[in-house]
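Values below: all heavy atoms of this structure, side chains included; hydrogens, waters and symmetry mates excluded. Everything numeric in this text was worked out from a predicted model, so none of it was measured.
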Amino acid sequence: MGFTIGGIREMRSGSRRRGRTTECTAVAEYTGLWGWDVVPGAIPAAVPAARAPGGRCSCGERDCVSPGAHPLAFSPEVPAGATLDDVAKAWSEVPGAAVLLPVGRGFDIIDVAEPAGSRALVRLERMGLPLGPVLTTPTGRAHFFVAPGAAAELPELLYRMGWDDADLDLHGLGPGAYVLAPPSEVAGLGPVRWLRPPSLDTAAEPPPARLLLGTLAYICHRLA
């Protein structure tokens with residue numbers, strides 16, 4: 001089945017009638033509209049913050065460093081183009097699984113502190129620069145979607161721009177990394193949200209990192 005904005009709206013209505021989960025509808029958008037692969041993630045379990053800030057993980061590892069933010073070892077990914085029925089079938093095997101997007105395929109990520117990311121986003125929008133989706137996490141990070149290859153290019157780009165010696169809270173995420181996507185939550189802290197949602201223009205072709213990096217680095221430096 002093909003996917004359109006109207007079709008997704010109809011799926012939302014149908015999902016309510018058939019008792020589909022919010023996760024299924026969101027994943028169907030990611031695979032069908034935006035052309036992203038999606039990976040079911042481990043399930044965080046809330047515990048008292050004094051014992052394990054952010055929660056513990058269904059993977060069973062006592063010292064899991066990414067509770068609910070890493071793939072389930074036994075569950076295959078849902079590929080780009082999967083339909084709502086495909087997604088519902090996959091998620092019925094892993095109810096409550098986190099929604100993870102694998103990095104390094106259709107996009108890389110520039111990861112900065114959320115205050116710097118929010119300020120930079122406003123400035124970039126005023127400048128009229130092309131922008132991709134932007135996520136914010138309840139752990140205080142902002143994830144800017146940029147063209148694949150950015151993580152590997154980041155040190156050279158920062159060097160060329162004169163930011164290589166600066167102590168910046170700015171990092172690249174590339175192949176092998178995953179980001180949590182809405183409607184997933186970090187246990188005990190809250191949901192992941194879109195600061196700038198994906199669109200048909202930006203999801204498939206996020207901008208080169210070099211177009212955003214100067215502004216991001218400057219704002220990170222100012223707020224350091």
Trainee: Side chains of Glu114 and Ser118: any donor to acceptor distance under 3.5 Å?
Mentor: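 Result is yes, a qualifying pair exists.
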Trainee: Taking the side chain as everything from C-beta on, heavy atoms only, tell me whether Asp37 gets closer than 4.5 Å to Thr31.
Mentor: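 The answer is no; the side chains never approach within 4.5 Å.
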Trainee: Applying side chain to side chain donor-acceptor pair (under 3.5 Å), name anything that partners Arg119, two or more places apart in sequence or on another chain.
Mentor: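 Not a single residue meets the side chain to side chain donor-acceptor pair (under 3.5 Å) criterion with Arg119.
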Trainee: Can you tell me if Asp111 uses its side chain to pair, donor with acceptor, with the backbone of His143 under 3.5 Å?
Mentor: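 The answer is no, because no donor-acceptor pair under 3.5 Å joins these two groups.
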Trainee: Rounded to the nearest 0.5 Å, what separates atom CE in Met127 from atom CG in Leu212?
Mentor: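 Those atoms lie 9.5 Å apart.
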Trainee: Without swapping roles, check the side chain of Thr202 against the backbone of Gly132 for a donor-acceptor pair under 3.5 Å.
Mentor: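 Here the side-chain-to-backbone pair does not exist.
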Trainee: Which distance, rounded to the nearest 0.5 Å, do you find between the OG1 of Thr136 and the CG of Leu195?
Mentor: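 Between atom OG1 of Thr136 and atom CG of Leu195 there are 4.5 Å.
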Trainee: If you apply the rule side chain to side chain contact (heavy atoms under 4.5 Å, CB included), what do you find for Val99 with Leu180, and how did you get there?
Mentor: CA-CA 6 Å; Val99 178; Leu180 275 173; over 6 Å; no
Trainee: With distance as the sole test, does Asp108 use its side chain to make a donor-acceptor pair with the main-chain N or O of Pro148 at under 3.5 Å?
Mentor: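 Absent.
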Trainee: When hydrophobic residues are tied together by side-chain contacts of less than 4.5 Å, even through go-betweens, does Val192 share a cluster with Val27?
Mentor: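 As far as the 4.5 Å side-chain criterion goes, Val27 and Val192 are connected within one cluster.
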Trainee: What are the two closest heavy atoms between Leu135 and Val179, and how far apart are they?
Mentor: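 Closest pair (atom of Leu135, atom of Val179, distance): CD1-CG2, 4.3 Å.
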Trainee: Please, which pairs that meet ring-ring contact (aromatic ring centres under 6.0 Å, His included) have at least one residue in residues 167-212, sequence neighbours excluded?
Mentor: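 Matches after skipping sequence neighbours: Phe145-Trp194.
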Trainee: For Leu154, enumerate each residue passing the side-chain contact (heavy atoms from CB on, under 4.5 Å) test, keeping only those at least two apart in sequence or located in another chain.
Mentor: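 side-chain contact (heavy atoms from CB on, under 4.5 Å) list for Leu154, sorted by chain: Leu158, Leu170, Leu213.
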Trainee: Would you mind writing out the side-chain donor-acceptor pairs for residues 217-224 within the sub-3.5 Å range, not counting sequence neighbours?
Mentor:
unit_1: Tyr218; atom_1: OH; unit_2: Arg222; atom_2: NH1; d: 2.7

Trainee: Measure the OG1-CG distance between Thr215 and Leu121 for me, rounded to the nearest 0.5 Å.
Mentor: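 Thr215 atom OG1 to Leu121 atom CG measures 11.0 Å (nearest 0.5 Å).
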Trainee: Working note: Phe107 + Val146, criterion side chain to side chain contact (heavy atoms under 4.5 Å, CB included); need CA distance, chi angles, decisive distance, verdict.
Mentor: CA-CA 6 Å; Phe107 58 86; Val146 291; over 6 Å; no
Trainee: Of all heavy-atom pairs between Ala203 and Pro206, which one has the smallest distance, and what is that distance?
Mentor: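 Residues Ala203 and Pro206, closest heavy atoms: O-CD, 3.8 Å.
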Trainee: Please evaluate residues Trp91 and Val78 with respect to the criterion side chain to side chain contact (heavy atoms under 4.5 Å, CB included), reporting the C-alpha separation (whole Å), side-chain torsions for both, the decisive distance (0.1 Å), and the verdict.
Mentor: CA-CA 9 Å; Trp91 240 255; Val78 183; 3.9 Å; yes
Trainee: Could you tell me which non-hydrogen atom of Leu100 sits nearest to which non-hydrogen atom of Pro71, and how far apart they are?
Mentor: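 It is CD1-N, 3.5 Å.
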Trainee: Name all residues meeting the side chain to side chain donor-acceptor pair (under 3.5 Å) criterion together with Asp201; count only those two or more places apart in sequence or in a different chain, and write none if there are none.
Mentor: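 Expected list: none.
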Trainee: Hey, does the side chain of Ser184 reach the backbone of Ala181 with a donor-acceptor pair shorter than 3.5 angstrom?
Mentor: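 Side chain of Ser184 to backbone of Ala181, a donor-acceptor pair under 3.5 Å: yes, one is there.
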Trainee: Could you pull out all residues at least two apart from Thr139 that satisfy side-chain contact (heavy atoms from CB on, under 4.5 Å)?
Mentor: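 Expected list: Thr137, Arg141, Val186, Leu189.
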Trainee: Flag the pair Glu153 and Arg210 as a salt bridge only when some basic side-chain nitrogen lies within less than 4.0 angstrom of an acidic carboxylate oxygen.
Mentor: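 Between Arg210 and Glu153 there is no salt bridge, as every charged N stays at least 4.0 Å from the carboxylate O atoms.
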Trainee: Flag yes if Leu124 and Leu157 sit in one hydrophobic cluster, no otherwise; membership is Ile, Leu, Val, Met, Phe, Trp, Tyr, and two members link when side-chain heavy atoms are under 4.5 Å apart.
Mentor: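 Leu124 and Leu157: one cluster.
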Trainee: Going through the distances and angles, do Leu216 and Phe144 end up as a side chain to side chain contact (heavy atoms under 4.5 Å, CB included)?
Mentor: CA-CA 10 Å; Leu216 286 169; Phe144 284 73; 3.7 Å; yes
Trainee: Should Leu131 and Arg196 count as side-chain neighbours, where that means a heavy-atom distance under 4.5 Å?
Mentor: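 Counting from C-beta outward, Leu131 and Arg196 do come under 4.5 Å.
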Trainee: So for atom CD, which belongs to Glu125, do other residues, nucleotides or ligands contribute more than 12 heavy atoms lying within a distance under 6.0 Å?
Mentor: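 For Glu125, atom CD is crowded (more than 12 foreign heavy atoms under 6.0 Å).
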Trainee: Determine the minimum heavy-atom distance between Ala97 and Glu23, stating which atoms define it.
Mentor: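 Scanning both residues completely, I find the closest heavy atoms to be O-CG, 4.4 Å.
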Trainee: Taking NZ, NE, NH1 and NH2 as the nitrogens, is one of them in Glu77 or Arg105 under 4.0 Å from a carboxylate oxygen of the other?
Mentor: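 The answer is yes: the pair qualifies as a salt bridge.
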Trainee: Heavy atoms only: give me the nearest Ala151-Gly172 pair and the separation to one decimal.
Mentor: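 Reported closest heavy-atom pair: CB-C, 3.9 Å.
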Trainee: Quick check: closest heavy atoms across Met161 and Gly214, and the distance to 0.1 Å?
Mentor: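 Where Met161 meets Gly214 most closely, the heavy atoms are SD-N, 3.8 Å.
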Trainee: Got a second to check how far Asp85's CG is from Lys89's NZ, nearest 0.5 Å?
Mentor: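 Asp85 atom CG to Lys89 atom NZ measures 10.5 Å (nearest 0.5 Å).
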Trainee: Indicate if Ile110 and Leu101 have the same hydrophobic cluster label, given that clusters are the connected sets of ILVMFWY residues with side-chain heavy-atom separations under 4.5 angstrom.
Mentor: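 Cluster IDs for Ile110 and Leu101 differ.
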